[in-house]
2 protein chains.
Amino acid sequence: MNISEVAQRTDLPPKTIRYYEDIGLIRPERRENGYRVFSESDLHKLAFLGRARALGFSIEDCRTLLALYEDETRASGDVKRVAREHLERIEDKIAQLQSMRDTLTHLVRECAGDARPDCPILKDLAKG
Amino acid sequence: MNISEVAQRTDLPPKTIRYYEDIGLIRPERRENGYRVFSESDLHKLAFLGRARALGFSIEDCRTLLALYEDETRASGDVKRVAREHLERIEDKIAQLQSMRDTLTHLVRECAGDARPDCPILKDLAKG
DNA sequence: ATAAGGGTTCCAGTCACAGGAAGGTCAAGG
DNA sequence: CCTTGACCTTCCTGTGACTGGAACCCTTAT
């Protein structure tokens, strides 16, 4: 399989696939002409990575998860710990964004939004 | 005022303050020895920037907001538009994170998290 | 004279790619 | 056989908003 077919089937850009090889997440073979040849296993790993990334896992988390996936003697506790830590970071991020949203929603509602210069948003930023 | 005092009073790291000068958000004067001298106006702007950044506005949004703040003939509609667009991006981000959180919460709950290799999290990543 | 604690600039690194240039390869059509 | 166009390759740069560190200057106190 060439890279563009893999890109289609995994829904990952070719650039991303090359990058994943670059940082050692996959190791596709090469033809004599230098082209990458992807095996079903490579395809599978890339799909795995795509889904892990879609869940927001960092590349380093993905590396860990992939290693655990390939290790038949893994402990599910190790996987769960990675997922729980990631989940915590997500929840923190959500809380932070919600706080911003609440403040902004309030400010936007207060602002007339017309041609006059008077603005509660700027007022708030200027003297918090 | 020297940079470290400004850093304390605005709760911004000196590095950040220098960076803001670098990208033209502030223009503190210089002493003969090359040290920056910050005026009350600089201090005020930095505090403004700190609060705008805390609400998640991008640096470019901050530049726009600061310009609007300094323009006495501004229309509050312009401010409101920037804020509303930012608010929308935040809400999109929250929705995206919540979706990740829901999936992850479910997976984490399903996973035994013990010494055995069987793991629903990996199973999900492997076959979506 | 020296040491501590300011200040300065400049360079590299972060994260996860994306864009683009320069050039090699391959299959089809004239 | 030649060309065209669609692939493929590597390499370099840029993104956002800083942070860390090196190398060096300035000021004040001992």
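A note on names: the letters A, B, ... follow the listed sequences, proteins ahead of strands, and every chain is numbered from 1.
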- Examine distances only and state if a side-chain atom of A/Ser99 and a backbone atom of A/Ala95 form a donor-acceptor pair shorter than 3.5 Å. no
- Message: Classify A/Pro13 by what it touches in the nucleic acid, base, sugar-phosphate, or nothing, heavy-atom distance under 4.0 Å.
- Response: sugar-phosphate
- Under 4.0 angstrom, heavy atoms only, what part of the nucleic acid is B/Arg31 near: base, sugar-phosphate, or nothing? nothing
- Spacing between B/Met1 atom CE and C/dG7 atom P, to the nearest angstrom: 13 Å
- Send over the distance from B/Phe57 CZ to D/dG16 C1', rounded to a whole Å. 17 Å
Sort me out a list of protein N/O and nucleotides 24-27 of chain D N/O pairs below 3.5 Å, or just none if empty.
residue, atom, partner, partner atom, Å
D/dT27, OP1, B/Asn33, ND2, 3.4

- Query: B/Ile17 has an atom CD1; how far is it from atom P of D/dA17, in whole Å?
  - Reply: 17 Å
- Message: For the CD atom on A/Glu70, are there more than 12 heavy atoms of other groups (residues, nucleotides or ligands in this structure) within a distance under 6.0 Å?
- Response: yes
- Query: What's the CZ-C1' distance between B/Arg63 and D/dA17, to the nearest Å?
  - Reply: 12 Å
- Starting from P on C/dC15, measure out to NZ on A/Lys93 and report it in whole angstrom. 15 Å
- Of all of residues 19-26 of chain B, which get a heavy atom below 4.0 angstrom from DNA chain D, listed by number? B/Tyr19, B/Tyr20
- Task: With heavy atoms under 4.0 Å as the rule, sort A/Arg36 into base, sugar-phosphate or nothing.
- Result: sugar-phosphate
- Query: Is there a donor-acceptor contact under 3.5 Å from the side chain of A/Arg51 to the main chain of B/Leu125?
  - Reply: yes
- Query: So, is A/Arg18 close to the C/dA16 phosphate, meaning a side-chain N or O under 4.0 Å from OP1 or OP2?
  - Reply: no
- Report, as yes or no, whether the 6.0 Å neighbourhood of atom CZ on A/Arg89 holds more than 12 heavy atoms from other residues, nucleotides or ligands. yes
- Compare the minimum distances between each of C/dA16, D/dC18, C/dA18 and the side chain of A/Ile59, then state the nucleotide with the smallest one. C/dA16
- Closest to the side chain of B/Arg53, out of C/dG7, C/dT8, D/dC18, is D/dC18
- Query: Rounded to the nearest Å, what distance is computed from the CG atom of residue A/Asn2 to the P atom of nucleotide C/dC26?
  - Reply: 10 Å
Restricting to nitrogen or oxygen on both sides, can you table the protein-nucleotides 20-22 of chain D pairs closer than 3.5 Å?
residue, atom, partner, partner atom, Å
D/dG20, N7, B/Lys15, NZ, 3.0
D/dG20, O6, B/Lys15, NZ, 3.0
D/dG21, O6, B/Lys15, NZ, 2.3

- Message: Without decimals, in angstroms, what is the distance between A/Glu5 CD and D/dA6 P?
- Response: 19 Å
- Interatomic distance where CG belongs to A/Leu55 and P belongs to C/dA16 [whole Å]: 15 Å
